[in-house]
Amino acid sequence: MSIKSDKDLITISTLKRLKEKGEKFACLTAYEATIAEKISKSGIEVILVGDSLGMVIQGHDSTLPVTMENLIYHLKCVVRGNINSHIMADMPFMSYSTDHLALENATKLMQNGAHSIKIEGGTWICKLTSILAERGIPVCAHMGLTPQSINRIGGYFVQGRDVNKKKNMIEEAKALEDAGAEMILLECVPDDLTADILEKITIPVIGIGAGQRTDGQIMVIHDLLGISCLEKSPKFVKDFLKDSSSIEEAISNYSKSVKNKSFPSDNHTFF
Ligand code: KIV
């Protein structure tokens, strides 16, 4: 048994309890130990070892080149720095393209310290979600703008604006919950769609560019620190370092702003 802290580990049950009490939780990406420790120390509930590492760490223009090997390397670094946050690990592009591959790769992530895994998709990941959930692997289903499908989507823009797409996404979220997903992550969707999804499902919903109503918020750490290489930041991004005197303070201000519901504001929301 490893005893790193007397603080209780944040689990899926903790997140569900926070949702029941109407309290928001904060999530951030991390890819290495030092930042992971600062994030966990500041009381951020969830650390995502995201495949965004392909863009912010490796300098690619999409998440597609990220491999299982890359993900496991960064996961191990984060696990060493983490104190008691819940660690979610992304399953990279094509690492869950068949049920067999998905089981094998999700097992590797869990055995290397992840507490849950995240996969992108809608209806097509329902069966896979059941398979993983039945075997004890908590799944977060990433919906809306799914960066691994960027070549099909055609760009990084808001999803679910038209009536049919909206209806589909609401049904897909419900189907994913019924399949055993423990959480849904919504990326880049309009506020009213977020509201409709929240009404239909009971599991925690994490948002990025999905408005203020979600149970949790997530940001890429590089965006929070204002050091992303993008020429123009997406609307939902806020540089918290600008008004803070240190990285620790920026992370803590983000956490406070999520919990007191001042972030995201209408300025960061798609309507
Ligand atoms: O990989 C990642 O960092 C993500 C977030 C954008 C949610 O999936």
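In listed order, ligands and their atoms are each counted from 1. What you see is a predicted model; the values in this text were computed from it and never measured.
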Checklist entry - Do Ser244 and Asn253 meet the criterion of a side-chain donor-acceptor pair at a distance under 3.5 Å? => result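 Yes.
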Item to check | Residue pair Thr269 / Gln212, side-chain donor-acceptor N/O under 3.5 Å | outcome: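 Gln212 and Thr269 do not have a side-chain donor-acceptor pair below 3.5 Å.
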Item to check | Under 3.5 Å donor-acceptor, His222 side chain and Ile227 backbone | outcome: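 Absent.
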Item to check | Contact partition for Asp51 relative to ligand 1, non-hydrogen atoms under 4.0 Å | outcome: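 The part of Asp51 near ligand 1 is both the backbone and the side chain.
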Item to check | Side chain, backbone, both or neither: Thr63 near ligand 1, heavy atoms under 4.0 Å | outcome: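 The answer is neither.
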At a 4.0 Å threshold, what atoms of ligand 1 neighbour a non-hydrogen atom of [X]?
X	value
His142	8 (O)
Asp90	1 (O), 2 (C), 8 (O)
Gly50	1 (O), 2 (C), 3 (O)
Thr29	3 (O)

Looking at [X] and [Y], what are the two nearest heavy atoms and their distance?
X	Y	value
Lys238	His268	CB-NE2, 3.8 Å
Met169	Gly160	SD-CA, 4.3 Å
Phe25	Leu18	CB-CD1, 3.9 Å

Next on the checklist: Taking only non-hydrogen atoms of Lys118, do any sit less than 4.0 angstrom from ligand 1?
Outcome noted: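 Yes, Lys118 has a heavy atom closer than 4.0 Å to ligand 1.
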Next on the checklist: I'd like to know if Met219 contacts ligand 1, where contact means a heavy-atom distance under 4.0 Å to any ligand atom.
Outcome noted: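 Under 4.0 Å: no for Met219.
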Next on the checklist: Please determine whether the number of non-hydrogen atoms from other residues, nucleotides or ligands lying under 6.0 Å from atom NZ of Lys167 exceeds 12.
Outcome noted: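 No, not enclosed.
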Checklist entry - Would you say Lys174 has more than 12 foreign heavy atoms packed within less than 6.0 Å of its NZ? => result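 Enclosed: over 12 neighbouring heavy atoms sit under 6.0 Å from NZ of Lys174.
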Checklist entry - For atom 4 (C) of ligand 1, which protein heavy atom lies nearest, and how many Å away is it? => result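 Here the closest protein heavy atom is Leu48 CD2, 3.5 Å.
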Checklist entry - Got the closest protein heavy atom to atom 3 (O) of ligand 1, with its distance? => result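 Here the nearest protein heavy atom works out to Ser52 OG, 2.5 Å.
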Next on the checklist: Using a plain distance cutoff, I'd like to know if Tyr31 has any nitrogen or oxygen under 3.5 Å from a nitrogen or oxygen of ligand 1.
Outcome noted: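 Among all N and O atoms of Tyr31, none is under 3.5 Å from an N or O of ligand 1.
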Item to check | Glu187 N/O to ligand 1 N/O under 3.5 Å | outcome: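 N/O-N/O distance below 3.5 Å does not exist for this pair.
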